[in-house]
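Report on one structure; see the data block that follows.
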Number of protein chains: 2
Amino acid sequence: MVTINDIAQKAGVAKSTVSRYLNGGSVSQKTRDKIDKIVNETGYSPNTFAQSLKAKNTKMIGIIVPRLDSYSANEVLSSVDRTLREKEYQLLITNTDQSSEREIENIYTLAKQKVAGIILMATVVTEEHKKVISEIDVPVLLLGQQAEGLHSIGHQEFEAGYAMGRHAGSLGHKNFLYFSVFKEDIAVGQHRANGVLTALNEETDVNVDIIETSFSFTKAYELALEILPKTNATYILCATDNIAMAVLKAAHTLQLRIPDDFSLSGFGGYEVTSIVSPSITTVKYGYKELGETAVEKLFQLIKGESIEENTLIPNYLLKRESTVSNVKKVE
Amino acid sequence: MVTINDIAQKAGVAKSTVSRYLNGGSVSQKTRDKIDKIVNETGYSPNTFAQSLKAKNTKMIGIIVPRLDSYSANEVLSSVDRTLREKEYQLLITNTDQSSEREIENIYTLAKQKVAGIILMATVVTEEHKKVISEIDVPVLLLGQQAEGLHSIGHQEFEAGYAMGRHAGSLGHKNFLYFSVFKEDIAVGQHRANGVLTALNEETDVNVDIIETSFSFTKAYELALEILPKTNATYILCATDNIAMAVLKAAHTLQLRIPDDFSLSGFGGYEVTSIVSPSITTVKYGYKELGETAVEKLFQLIKGESIEENTLIPNYLLKRESTVSNVKKVE
DNA sequence: GTGAAAGCGCTAACAG
DNA sequence: CTGTTAGCGCTTTCAC
């Protein structure tokens, strides 16, 4: 391994001069050229660890994701990665497999690695999270959820839910079924759901059943198999596209037709919703923008600038084949 | 920041003793307890960089992926991550956005970070790759491709192609269309394709058209829109599930029916192929096993053990609704 | 502009 | 078993 000492020696200068050369300090053109040559010859590249030892932090950003096999997580990941690369930062991705405990663990691990900042895609933010975050002195940006006292960025969940609720209501349906998720998930289980329910309650004579399921495709599928035969809903709203896909599959299994037997919609704007038939009405979230803005906000945090506690990214409704007017059936 | 010195001082021992305590050296129970207490009180955790400075390598494995938004990449990623965690290793994921140049770059970056080993999901392995890999002295395991002189692990591509070809042939079709990918991709563009063609050529009186497309959904979709109306094939094989999904969508757009107008199959075993209707015949690859075995092999490499140059993971055919016997149409 | 020297936090002989 | 003593490769004063 070639070190700064080797370079200094070969160039006949002190290693501090090489260090200056490396870090843009003042070095005469002559010395610079000399060192340049040696560095190129040897292919020298400074030892990141030795650098970090002094520097106290690195050009790395850590991101903690609940799962690697989720469309939305990957969209954000791609976007964050791209944005970071422009800034010559490295992304360190760690996966928690949806374990809250592992989230805490990973915050520590990343802090130890001296990442400059952490983006945390938590599902649920506990007191313990807050404690750990305050202990380490690395800025943390919450993504997708909010929590008091922590900086966060996320989607306009209420607005998304509301837009979808309006759409559903405007089609003249009266009986709705909403596949929601557990309330501990503030963003999806509360804000998104509230948006949906608020809009639906603005309609007259409507009946809304709410059923709680999880983000798991399989679980949602099994639940749908059980529920679909019993419900009289003519419009089924699902809290995520994933759940909507599960309901679609269940409908298929049960030989029910969408949108003839019932309308169906999801949330998320997953690509697959446009491929299946019928294509599924959904809300397209701004994952790319979310990733970009997250990085921007995190850097402001790192620089010590003060930013608003919570940033929300807009989204828009995509009306597709899976949702139709209820009037049709009456005709 | 609390350092080993602080601990040593507070415990009234030398820092080397603390170091030994940390690394499982021989320390008396009494001293151990004393240090234990201080460590817990202070929440001390050793500085990874200082450790790495000496150790010359870290408990991190780097993985270079061509894209973050691909099903197969994520399956492997999940599996590698899980396996690594059991060994208390961290995964450092870097993304190349399918740029070969960036692959080279990332190999360097990871080597500089002193990862213990690198898993490279390359699409094409150039001479430059080989050069770089030989320069750094970190073991590299190629995943999904093979190249002479490099250790690799991948799928049984030929066998997969052959199995699918047999299936297609056995259904009595005579006119086939194969959406392949560029030949530079050895695994998919050559081995998989060869498997398909070999099997198909064992049939009599068959006609196989080959059309080259890319891994991009959109590109495949547009190409399919153009090709489908012209072809007389009754069975369309696609090199990936992604391409198959694109063809499915194109068929939909063109109001063609699958499998009535033609049978369709993909490769990969993506979850979505079981959700759409008709469900799509595919080959289920062992992504999980691939990830696990990759880690295992990489660790053998790291330990300096010699392993076979190339390891292949088996897969199996999933017959679904999208492929039916040609005889049907004659009836 | 440049060099000498003092660490950064930790590990690893080497004595004792 | 434990303390002393060198470094690991690099950055950063502080004189010159």
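All values below come from the heavy atoms of this structure, side chains included, with hydrogens, waters and symmetry mates left out. In the text below, chain A, chain B and the rest are named by the order of the sequence lines, each starting its count at 1.
Residue pairs satisfying the ring-ring contact (aromatic ring centres under 6.0 Å, His included) criterion with at least one member in residues 1-32 of chain B, sequence neighbours excluded, are absent.
Of the candidate nucleotides C/dA6, C/dG3, C/dC10, C/dG3 has the atom nearest to the side chain of A/A14. Considering only the side chain of A/N23, D/dT11 comes nearest among C/dG3, D/dT11, C/dT11. The A/R20 side chain lies nearest to D/dT13 when the options are D/dC1, D/dT13, C/dT11. The side chain of A/I4 lies closest to D/dT11 when the candidates are C/dT2, D/dT11, D/dC1. Closest approach to the A/L53 side chain among D/dT2, C/dC8, C/dG1 is made by C/dC8 (side chain taken as heavy atoms from C-beta onward).
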Give every donor-acceptor pair under 3.5 Å between a side-chain atom in residues 288-298 of chain B and any protein atom, sequence neighbours left out.
unit_1 : atom_1 : unit_2 : atom_2 : d
B/T293 : OG1    : B/E289 : O      : 2.6
B/K297 : NZ     : B/E308 : OE2    : 3.3

Please list every donor-acceptor pair under 3.5 Å in which a side-chain atom of residues 64-71 of chain A meets a protein atom from a residue at least two apart or in another chain.
unit_1 : atom_1 : unit_2 : atom_2 : d
A/R67  : NE     : A/D69  : OD1    : 3.1
A/R67  : NH2    : A/D69  : OD1    : 3.3
A/S70  : OG     : A/S72  : N      : 3.4
A/S70  : OG     : A/S72  : OG     : 3.3
A/S70  : OG     : A/A73  : N      : 3.1

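Note on A/S28: a side-chain N or O is less than 4.0 Å away from OP1 or OP2 of C/dT2. In this model, the phosphate group of C/dG9 is not approached by any side-chain N or O of B/T3 to a distance below 4.0 Å at OP1 or OP2.
Evaluation of atom-type donor-acceptor distances gives no pair under 3.5 Å for the side chain of A/S16 against the base of C/dA5. With hydrogens and angles ignored, no donor-acceptor pair closer than 3.5 Å exists between the side chain of A/R32 and the base of C/dG1.
Between B/V27 and A/L22, the residue whose closest nucleotide on DNA chain D is further toward the 5' end is B/V27.
Proximity of residues 37-52 of chain A to DNA chain D (heavy atom under 4.0 angstrom from any strand atom) is restricted to A/Y44, A/P46, A/N47, A/A50, A/Q51.
Between the two ends of the helix from C/dG1-D/dC16 to C/dG16-D/dC1, each summarised by a five-pair axis, the helix axis turns through 30° (rounded to 10 degrees).
Every ring-ring contact (aromatic ring centres under 6.0 Å, His included) that B/H155 has, sequence neighbours left out, goes to B/Y285, B/Y287.
Straight-line distance from the CD atom of A/Q113 to the C1' atom of C/dG9: 16 Å, rounded to whole Å.
No contact: B/V18 has no heavy atom under 4.0 Å from any strand.
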